[in-house]
Amino acid sequence: MSQNKKGGISVETAHIFPVIKKWLYSDKDIFLREIVSNATDAVTKLRRLSSLGQYDDNGEAYSVRVTLDKEAKTITVSDNGIGMTEEELEKYICSIALSGALDFIQKYDENNQNNGIIGHFGLGFYSSFMVSDNVELITRSYLSEEATRWVCNGAGEYEISPAQRDTHGTDVIMHISDEEAAYLDKYKLRNILDKYCAFMSVDIFFDCEDEADAEDDKEVKPINDTAPIWLKNASDCSDEEYKDFYKKVFNDFKDPLFHIHINADYPLNFKGVLYFPSRLNDYESYEGQVKLFYNQVFVADDIKEIIPDFLLMLRGVLDCPELPLNVSRSYLQDNAYVKKVAAHIVKKVADKINSLCINDRETYEKIWSELKIFFEYACLRDRKFYDRVNSSYLLEMVDGSFMTLEDYLKECEEKHQNTVYYATDKAMQAQYISMFESEGIKVALLSHQLDTQFVTMCESVNSNVKYKRIDSEITDILKSDGDAQGDESLFELFKTVSGNAELKVSYECLKDEGVPAILTVSEESRRMEDMMRMYSNMGMNIGGDFPVEYTLVLNSKSLLINRLSAIKPVDEGKATLMASEIYKLALISQRQLSAEELKDFLNNSFKLLEML
């Protein structure tokens with residue numbers, strides 16, 4: 001048996017380069033991000049040396065310049081950063097996956113968590129070969145007067161020779177292949193720069209040497225913002241700055257409802273600004289968009305794994321230097337750091353909502369109609385979120401005013417008995433609303449489908465508070481003193497005209513003598529009906545119809561009901577006509593009449609008018 005042996009795996013350059021050229025990144029556009037990031041790192045390193053007193057830059061203006069020469073078929077990325085000696089070039093460029101950034105960090109910046117250096121793995125430079133036949137590099141170290149030229153073809157064969165460069169820094173000249181000639185289009189190149197490099201930390205200029213209009217394309221201003229809003233202190237940013245940033249990044253002409261500035265310290269170590277977008281109407285998409293950055297370098301759009309699903313309507317940017325630059329969705333799904341970031345975001349959203357409710361109530365009430373559905377959905381999805389924000393839930397009254405649950409219950413503590421009375425349709429339930437308001441009871445408006453599920457959850461959390469629709473029962477609030485007595489022979493008549501033999505009919509003594517009859521539906525059965533309807537709208541076939549328990553309450557103090565009782569023994573036809581009208585008038589407050597019901601209602605109305 002042979003002895004144990006150790007060794008290192010060798011890679012043939014001729015074999016690995018075709019793999020790099022085709023598979024290094026799934027999106028070829030990333031090559032420009034990688035090369036510009038390297039140039040930015042070169043400047044960042046020199047700035048760091050200057051801050052350590054190891055280099056005197058004499059106030060030098062640092063920059064990165066991207067130059068397109070369509071005629072020469074080249075894209076050049078130049079910087080005036082740290083540069084490389086010939087020895088460093090051979091060490092870092094001629095060896096795949098050997099990172100000069102890591103060596104620099106270990107030597108100068110090991111304890112600086114926010115060093116701003118992007119590259120770590122030593123692979124980014126080779127993305128240039130994804131679009132190039134060959135790549136030329138001219139570099140001069142800040143420590144040297146001599147420059148070095150390095151040229152490499154697509155097979156990995158390179159040549160090093162002396163070169164001329166006036167200043168320290170590096171030029172990466174990519175000779176674009178015929179297959180990738182699309183990258184020689186100035187608009188395509190600018191779009192890539194705008195997407196990936198819009199917030200890099202060094203001024204980036206774009207030069208387009210495109211035949212006759214070359215001078216017109218010279219950029220006099222950098223194309224990027226080196227100090228994006230998320231890097232600033234919230235106290236240093238105006239509301240207009242936040243709005244302008246939002247509109248610029250998300251191409252939305254509407255102002256967001258509010259923003260959340262996040263500056264999380266170690267160990268989370270991430271920054272960002274999140275926005276709650278405004279919608280013009282209910283038909284607009286609820287889908288948000290969160291852009292992920294790594295040290296100001298764009299990584300990906302719409303990273304849902306970092307934002308909990310119930311907050312996916314948010315838009316914004318997150319800069320997470322703790323995540324790898326080339327992050328995958330599978331990595332994000334099971335990453336402990338990502339889960340902590342998500343939890344922190346939930347807390348910050350809750351804190352913002354509570355702050356608005358307490359400190360800026362006027363603004364909060366103005367945006368509540370747009371915020372409410374997301375508030376309720378988030379609470380339904382996450383009990384911890386509900387626990388944080390439940391005191392900031394607003395009940396909208398039918399008169400347009402707003403109250404918290406606590407304020408609502410306090411205002412009429414004796415009459416309410418820990419009950420929230422609500423309507424779902426101000427027009428259809430106007431009669432009921434009037435009856436409650438005449439007794440000094442404010443009526444809340446819960447008109448959205450999600451409201452039913454939300455109030456059911458609220459009741460399960462706080463069993464002392466109940467939510468009742470104003471037509472769910474005849475409460476003691478609406479009853480007057482005295483016994484509710486009447487002609488029970490009318491019960492069968494109303495069952496007949498309703499077409500529902502199972503209809504419950506009863507007498508009550510109501511305070512409002514002008515109301516002859518009220519149709520009520522039990523709170524439990526109505527909520528179940530709402531839920532079944534919602535599932536049906538979602539395309540879920542759960543089979544069957546849930547029976548709704550209706551009760552027709554006849555007012556024993558009503559003159560009309562008493563006249564009906566007197567007419568019935570004398571003129572059965574007239575009594576039937578009157579009972580049908582009374583029932584349908586009560587039914588209108590519950591739902592829209594069917595075509596047949598409306599036809600009968602109108603015919604009966606005309607007949608009654610003829611009798612008069």
Side-chain angles (χ1 to χ4, degrees), residues 234 256-262 264 274-278 286 307-314 342-424 436 440-470 523 527:
L257 298 184
F258 60 82
H259 66 268
I260 303 164
H261 197 129
I262 300 175
L274 298 175
Y275 295 88
F276 198 105
S278 175
Y286 288 100
I307 304 292
D309 63 351
F310 57 84
L311 293 177
L312 286 179
M313 83 295 297
L314 293 175
H344 188 79
I345 289 171
V346 172
K347 180 181 181 301
K348 295 293 288 187
V349 172
D351 290 345
K352 181 66 175 185
I353 288 173
N354 291 333
S355 176
L356 282 170
C357 183
I358 296 169
N359 302 318
D360 193 358
R361 184 62 172 267
E362 184 179 355
T363 298
Y364 190 59
E365 290 182 359
K366 286 180 180 178
I367 68 174
W368 178 249
S369 60
E370 293 189 65
L371 177 63
K372 178 185 173 185
I373 185 172
F374 300 108
F375 187 111
E376 291 182 340
Y377 180 67
C379 289
L380 288 166
R381 292 286 296 159
D382 187 344
R383 172 62 189 278
K384 289 182 179 178
F385 186 80
Y386 169 81
D387 291 340
R388 287 191 174 110
V389 301
N390 70 85
S391 61
S392 296
Y393 182 77
L394 293 185
L395 291 167
E396 181 182 358
M397 301 297 111
V398 292
D399 63 3
S401 62
F402 295 89
M403 303 177 75
T404 63
L405 175 62
E406 181 181 5
D407 292 339
Y408 179 86
L409 295 177
K410 277 183 179 179
E411 186 163 305
C412 297
E413 190 171 355
E414 294 182 1
K415 293 183 178 180
H416 280 238
Q417 299 175 338
N418 284 336
T419 301
V420 178
Y421 293 105
Y422 69 93
T424 55
F436 272 84
I441 303 296
K442 288 199 169 185
V443 178
L445 181 64
L446 300 177
S447 56
H448 197 275
Q449 234 175 18
L450 200 61
D451 292 337
T452 298
Q453 293 186 63
F454 180 74
V455 299
T456 300
M457 183 207 67
C458 291
E459 289 173 335
S460 69
V461 174
N462 184 1
S463 59
N464 293 325
V465 178
K466 298 297 180 184
Y467 289 77
K468 291 184 179 179
R469 201 166 86 171
I470 50 178
E523 184 74 20
R527 289 192 193 182

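Remember, it's a predicted structure, so these values are computed and weren't measured experimentally. These numbers come from the heavy atoms of this one structure, side chains and all, not from hydrogens, waters or symmetry mates.
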Chemist: Can you name the nearest heavy-atom pair linking Ile470 to Ala423, along with the distance?
Modeler: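 Heavy atoms only, the tightest pair is CD1-CB, 3.8 Å.
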Chemist: Between the side chains of Glu406 and Ser391, is a donor N or O closer than 3.5 angstrom to an acceptor N or O?
Modeler: no
Chemist: Sub-3.5 Å donor-acceptor pair from the side chain of Asn390 to the main-chain atoms of Tyr386, do we have one?
Modeler: yes
Chemist: So Leu380 and Gln453, do their side chains get closer than 4.5 Å, heavy atoms only?
Modeler: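 Yes; the side chains approach each other to less than 4.5 Å.
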Chemist: Measure up the Phe375 and Tyr393 rings against each other and bin them: parallel (under 30°), tilted (30 to 60°), perpendicular (over 60°).
Modeler: tilted
Chemist: Is the closest side-chain heavy-atom distance between Leu257 and Glu370 below 4.5 Å?
Modeler: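 With C-beta onward as the side chain, the pair touches.
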Chemist: Do Ile353 and Tyr364 have side chains that approach each other closer than 4.5 Å (heavy atoms only, starting at C-beta)?
Modeler: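 Sidechains of Tyr364 and Ile353: in contact.
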Chemist: Please examine the side chains of Phe310 and Asp382, heavy atoms only from C-beta on, and report whether any two atoms are closer than 4.5 Å.
Modeler: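 Heavy-atom side-chain distance check passes, below 4.5 Å.
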Chemist: Is there a donor-acceptor pair closer than 3.5 Å between any side-chain N or O of Glu459 and the backbone N or O of Tyr467?
Modeler: yes
Chemist: Under the salt bridge (charged side-chain N to carboxylate O under 4.0 Å, His left out) rule, what do Arg388 and Asp351 come out as? Steps first, then yes or no, please.
Modeler: CA-CA 8 Å; Arg388 287 191 174 110; Asp351 290 345; 5.7 Å; no
Chemist: Just wondering, do Phe385 and Cys379 contact through their side chains at under 4.5 Å, heavy atoms?
Modeler: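 Yes. Closest side-chain heavy atoms under 4.5 Å.
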Chemist: How about Thr452 and Phe454: do any of their side-chain heavy atoms sit closer than 4.5 Å?
Modeler: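 Side chain of Thr452 against side chain of Phe454, heavy atoms only: no contact under 4.5 Å found.
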Chemist: Hey, is Lys442 close enough to Glu411 for a salt bridge, meaning N to O under 4.0 Å?
Modeler: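 Yes, charged N to carboxylate O under 4.0 Å.
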Chemist: So, does Ser355 use its side chain to make a donor-acceptor pair with the main chain of Lys352 at under 3.5 Å?
Modeler: no
Chemist: Taking side chain as C-beta onward, heavy atoms only, is Met397 less than 4.5 Å from Tyr408?
Modeler: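 Yes - at least one pair of side-chain heavy atoms lies under 4.5 Å apart.
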Chemist: Indicate yes or no for a side-chain donor-acceptor contact from Asp451 to the backbone of His448 under 3.5 Å, with no hydrogens or angles considered.
Modeler: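 Such a contact is found between Asp451 side chain and His448 backbone.
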Chemist: Listed by chain and number, what are the salt bridge (charged side-chain N to carboxylate O under 4.0 Å, His left out) partners of Lys366, not counting sequence neighbours?
Modeler: Glu362
Chemist: Hey, does Leu314 have a side-chain heavy atom less than 4.5 Å from the side chain of Val349?
Modeler: yes
